[in-house]
Amino acid sequence: DVIRDEVRRMDEEDLVDSISVIDRSGSANPHAMRYMVEQVVEVVDMPVEAHCHNDFGQAAMNALFAASAGAEVIDVCVNGLGERTGNPDLAQVAAGLEHLYDQETAINLDQMRALSKEVERRSNFDIGENTPLVGDNAFRFSAGYIINGIRQNLFTPVCLHPHAVGQEFEFLLDKNTTRTNLEIKLEDACLDPDVLTDEEYDDFVETVTERSESQQRVIEDHEFYDLN
């Protein structure tokens with residue numbers, strides 16, 4: 001009530017033209033962020049902003065909860081750059097708003113991967129391969145049953161099409177390889193998957209999975225082709 005009263009007073013006395021709800025320490029959980037934003041939105045007639053930090057890995061989620069509570073301005077940064085552990089990542093928040101909350105952002109999401117790599121280059125701050133949406137590993141798959149699901153019904157095992165954020169599917173050969181993986185690699189090489197018999201597929205799957213597991217790595221495409 002004290003905060004609501006103070007915010008209302010500032011609004012009524014025309015002391016500010018916007019209010020920012022700030023989680024400076026990155027310690028608010030999404031429910032707390034939504035509650036705080038709702039409390040402010042209810043008592044003012046001006047734009048409400050949310051500023052979050054990623055100390056507990058919740059910056060993007062806090063930003064999305066703030067937006068769902070009525071915040072009109074969300075502070076973000078490409079690749080989540082910022083002090084300490086950073087601020088909400090632009091790609092995660094923008095894609096989240098559009099694909100999880102059905103809110104238009106007017107942001108060209110299909111440029112997110114290119115923008116991320118350019119900022120990575122200019123900032124000399126490498127992003128992890130497993131960074132959501134824009135990382136190298138974001139749309140890599142190796143489990144055959146998942147790859148088969150993608151081929152049959154795109155949105156069963158993936159959150160969105162990689163093209164939505166400027167990415168591409170990449171299917172790997174490793175210890176999880178099944179016949180589906182091999183068929184795709186043959187198609188990529190413009191070869192007819194039916195060129196191999198069932199027995200040959202079984203032999204190749206066994207060779208690839210055993211080599212990957214024993215060496216603890218992904219088998220490169222050229223290694224598979226050399227097996228032929």
Side-chain angles (χ1 to χ4, degrees), residues 1-116 118-120 122-123 125 127-128 130-135 138 155 158-161 164-167:
D1 289 342
V2 173
I3 294 177
R4 285 167 60 95
D5 291 343
E6 181 63 17
V7 169
R8 183 186 292 109
R9 182 187 67 81
M10 289 189 292
D11 185 20
E12 292 173 348
E13 296 180 10
D14 200 25
L15 298 177
V16 296
D17 57 16
S18 66
I19 295 289
S20 182
V21 178
I22 300 175
D23 176 23
R24 187 67 184 81
S25 62
S27 57
N29 65 48
H31 303 289
M33 176 58 67
R34 179 166 59 191
Y35 175 79
M36 289 297 296
V37 171
E38 286 175 344
Q39 296 304 299
V40 175
V41 169
E42 286 180 4
V43 298
V44 301
D45 184 22
M46 65 177 69
V48 175
E49 173 187 358
H51 182 89
C52 310
H53 280 264
N54 204 40
D55 298 71
F56 275 90
Q58 298 187 111
M61 185 59 68
N62 280 347
L64 292 172
F65 269 55
S68 70
E72 297 180 36
V73 179
I74 304 295
D75 295 342
V76 296
C77 190
V78 178
N79 294 343
L81 296 178
E83 191 173 62
R84 303 189 315 280
T85 56
N87 299 110
D89 173 58
L90 169 63
Q92 294 172 35
V93 174
L97 286 173
E98 295 212 3
H99 291 273
L100 301 179
Y101 288 85
D102 198 28
Q103 293 187 24
E104 292 293 331
T105 65
I107 293 173
N108 293 328
L109 293 180
D110 61 354
Q111 298 300 310
M112 288 298 99
R113 164 72 173 185
L115 177 61
S116 173
E118 181 64 16
V119 171
E120 179 182 48
R122 289 175 178 264
S123 66
F125 195 96
I127 65 170
N130 64 337
T131 298
L133 302 178
V134 297
F155 293 103
V158 296
C159 59
L160 49 74
H161 196 291
V165 288
Q167 288 264 49

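Keep in mind that this is a model prediction, so the values were computed, not measured.
Within the structure, the ring-ring contact (aromatic ring centres under 6.0 Å, His included) test picks out the following pairs touching residues 54-107 (sequence neighbours left out): His31-Phe65. Among residues at least two apart or in separate chains, side chain to side chain donor-acceptor pair (under 3.5 Å) pairs with a member in residues 58-78 are His51-Asp75.
Between Val93 and Pro88 the shortest heavy-atom distance is CG2-CB, 3.7 Å. Between Gln92 and Ala60 the shortest heavy-atom distance is OE1-CB, 3.5 Å.
Here Glu120 pairs with Asn79, Lys117, Asp126, Ile127 under the side-chain contact (heavy atoms from CB on, under 4.5 Å) rule; sequence neighbours left out. Residues forming a salt bridge (charged side-chain N to carboxylate O under 4.0 Å, His left out) with Asp110 (at least two apart in sequence, or on another chain): none. In this view, Asn108 satisfies the side-chain hydrogen bond (donor to acceptor under 3.5 Å, both in side chains) rule with no residue, not counting sequence neighbours. Residues forming a side-chain contact (heavy atoms from CB on, under 4.5 Å) with Gln167 (at least two apart in sequence, or on another chain): Arg113, Ala138, Phe139, Pro162, Val165. Listed by chain and number, the residues in a salt bridge (charged side-chain N to carboxylate O under 4.0 Å, His left out) with Glu104 amount to none (sequence neighbours excluded). The side-chain hydrogen bond (donor to acceptor under 3.5 Å, both in side chains) test applied to Glu42 returns Arg4, not counting sequence neighbours. Remark: Glu12 pairs with Arg8 by the side-chain contact (heavy atoms from CB on, under 4.5 Å) rule, at least two apart or across chains. Under the rule for a side-chain contact (heavy atoms from CB on, under 4.5 Å), the partners of Val48 that lie at least two apart in sequence or sit in another chain are Val21, Val37, Val40, Val41, Val44. Residues passing the side-chain hydrogen bond (donor to acceptor under 3.5 Å, both in side chains) test with Ser27, sequence neighbours excluded: Ser25. Every side-chain hydrogen bond (donor to acceptor under 3.5 Å, both in side chains) that Thr105 has, sequence neighbours left out, goes to Glu98.
The line from CG of Leu109 to CG of Leu115 is 11.0 Å long, rounded to the nearest 0.5 Å. Atoms CG and CG, on Leu133 and Asp89 in that order, are 7.5 Å from each other to the nearest 0.5 Å. Distance check: Ile74 CD1 to Asn87 CG gives 12.0 Å after rounding to the nearest 0.5 Å. To the nearest 0.5 Å, atoms CE (Met61) and CG (Asn29) are separated by 11.5 Å. Here the SG atom belonging to Cys52 is positioned 12.0 Å from the CZ atom belonging to Arg24, to the nearest 0.5 angstrom.
Annotation for Asp5: atom CG counts as buried by contact number, over 12 foreign heavy atoms lying within 6.0 Å.
Inter-residue side-chain proximity for Leu81 and Ser123 is flagged as met; some heavy-atom pair is nearer than 4.5 Å. Two residues are said to be in side-chain contact when any heavy atoms from C-beta on lie closer than 4.5 Å; Met46 and Asp17 fail this criterion.
Formation of a donor-acceptor pair under 3.5 Å by the Asp11 side chain with backbone atoms of Asp45 is found in this model. With hydrogens and angles disregarded, a donor-acceptor distance shorter than 3.5 Å links the side chain of Asn54 to the backbone of Ala59.
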From CA spacing to verdict: side chain to side chain contact (heavy atoms under 4.5 Å, CB included), Asp23, Met36: CA-CA 10 Å; Asp23 176 23; Met36 289 297 296; over 6 Å; no

Derivation and outcome, side chain to side chain contact (heavy atoms under 4.5 Å, CB included), residues Gln39 and Ile3: CA-CA 9 Å; Gln39 296 304 299; Ile3 294 177; over 6 Å; no

